[in-house]
K.L.:
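If you scroll down you'll find the structure; I have some questions about it.
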Amino acid sequence: QVQLVESGGGLVQAGGSLRLSCAASGRTFSSYAMGWFRQAPGKEREFVAAFSWSGSNTYYADSVKGRFTISRVSSKNTVYLQMNSLKAEDTAVYYCAARPHGRRWSLAGDYDYWGQGTQVTVSS
């Protein structure tokens with residue numbers, strides 16, 4: 001079992017920055033790869049960023065590439081999403097998630113565990 005708890009969301013002006021955190025407990029980085037997704041009202045959940053299973057590679061959606069950075073501190077079992085140059089279209093609930101080895105990093109359905117989500121609102 002894996003438990004995930006996100007924090008760090010809030011209201012920010014366009015062009016600003018936020019850092020989201022995802023604290024994981026249970027069988028985490030040794031057994032699962034981590035990713036971030038988001039869901040805006042009326043839209044499907046979409047991929048944002050993820051680690052490869054080894055943790056040595058990172059992947060990003062085209063819409064956030066160059067603005068968002070995924071990172072982790074293994075000793076703290078915590079994954080981060082640094083979000084810079086935020087835009088109004090980044091407004092969504094952001095979720096961290098964990099997937100087992102061999103699953104695809106960009107598909108929400110391939111992730112087994114999810115946090116409760118944290119709201120990010122970017123005002124224009």
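All values below come from the heavy atoms of this structure, side chains included, with hydrogens, waters and symmetry mates left out. Everything quoted here is computed from the prediction, not taken from an experiment.
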K.L.:
With side chains defined as the heavy atoms from C-beta onward, is the minimum distance between Arg103 and Asp112 less than 4.5 Å?
P.N.:
yes
K.L.:
Parallel, tilted or perpendicular, judged at 30° and 60°: which one describes the rings of Tyr94 and Phe68?
P.N.:
tilted
K.L.:
Between Ser17 and Gln82, is the side chain to side chain contact (heavy atoms under 4.5 Å, CB included) condition met? List the steps.
P.N.:
CA-CA 8 Å; Ser17 298; Gln82 178 67 43; 4.0 Å; yes
K.L.:
Locate the shortest heavy-atom distance separating Thr78 from Ser21; write the atom from each residue and the value.
P.N.:
CG2-CB, 4.3 Å
K.L.:
Look at the side-chain heavy atoms of Ile, Leu, Val, Met, Phe, Trp and Tyr, link any pair under 4.5 Å apart, and say whether Tyr60 and Leu86 land in one connected group.
P.N.:
yes
K.L.:
Under a 4.5 Å cut-off applied to non-hydrogen side-chain atoms, are Asn57 and Phe51 in contact?
P.N.:
no
K.L.:
Can you name the closest pair of heavy atoms from Ser74 and Arg72 and give their distance?
P.N.:
OG-NE, 3.7 Å
K.L.:
Taking all non-hydrogen atoms of both residues into account, name the closest pair between Leu4 and Ala97 and its distance.
P.N.:
CD1-CA, 3.7 Å
K.L.:
Has the side chain of Thr118 got a donor or acceptor atom that lies under 3.5 Å from a matching backbone atom of Gly9?
P.N.:
yes
K.L.:
Looking only at the side chains, is there a donor atom on one of Ser123 and Gln13 sitting less than 3.5 Å from an acceptor on the other?
P.N.:
no
K.L.:
Side chains of Glu46 and Glu44: does their closest heavy-atom pair fall under 4.5 Å?
P.N.:
no
K.L.:
Taking all non-hydrogen atoms of both residues, which atom of Arg38 and which atom of Ala92 are closest, and how far apart?
P.N.:
CB-CB, 3.8 Å
K.L.:
Taking 4.0 angstrom as the limit, do Asp110 and Arg104 come out as a salt bridge?
P.N.:
yes
K.L.:
Side-chain heavy atoms under 4.5 Å apart, restricted to Ile/Leu/Val/Met/Phe/Trp/Tyr: what other residues fall into the cluster of Tyr95, or is it alone?
P.N.:
Phe37, Phe47, Tyr59, Val93, Trp105, Tyr111, Trp114
K.L.:
How close do Ala98 and Met34 get, counting heavy atoms only, and between which atoms?
P.N.:
CB-SD, 3.7 Å
K.L.:
Does Thr91 use its side chain to pair, donor to acceptor, with the backbone of Val122 at less than 3.5 Å?
P.N.:
yes
K.L.:
With a 6.0 Å cut-off (strictly less than), is the heavy-atom count around CD of Gln116, excluding the residue itself, greater than 12?
P.N.:
yes
K.L.:
Over all heavy atoms of both residues, which pair between Ala49 and Leu81 is shortest? Give the atoms and the distance, please.
P.N.:
CB-CD1, 4.1 Å
K.L.:
Trp53: which other cluster members, linking ILVMFWY side chains closer than 4.5 Å, directly or transitively?
P.N.:
none
K.L.:
Can you check whether Val79 reaches Cys96 side chain to side chain, under 4.5 Å on heavy atoms?
P.N.:
no
K.L.:
Between Asp90, Leu20, Val12, which is the residue that forms a side chain to side chain contact (heavy atoms under 4.5 Å, CB included) with Met83?
P.N.:
Leu20
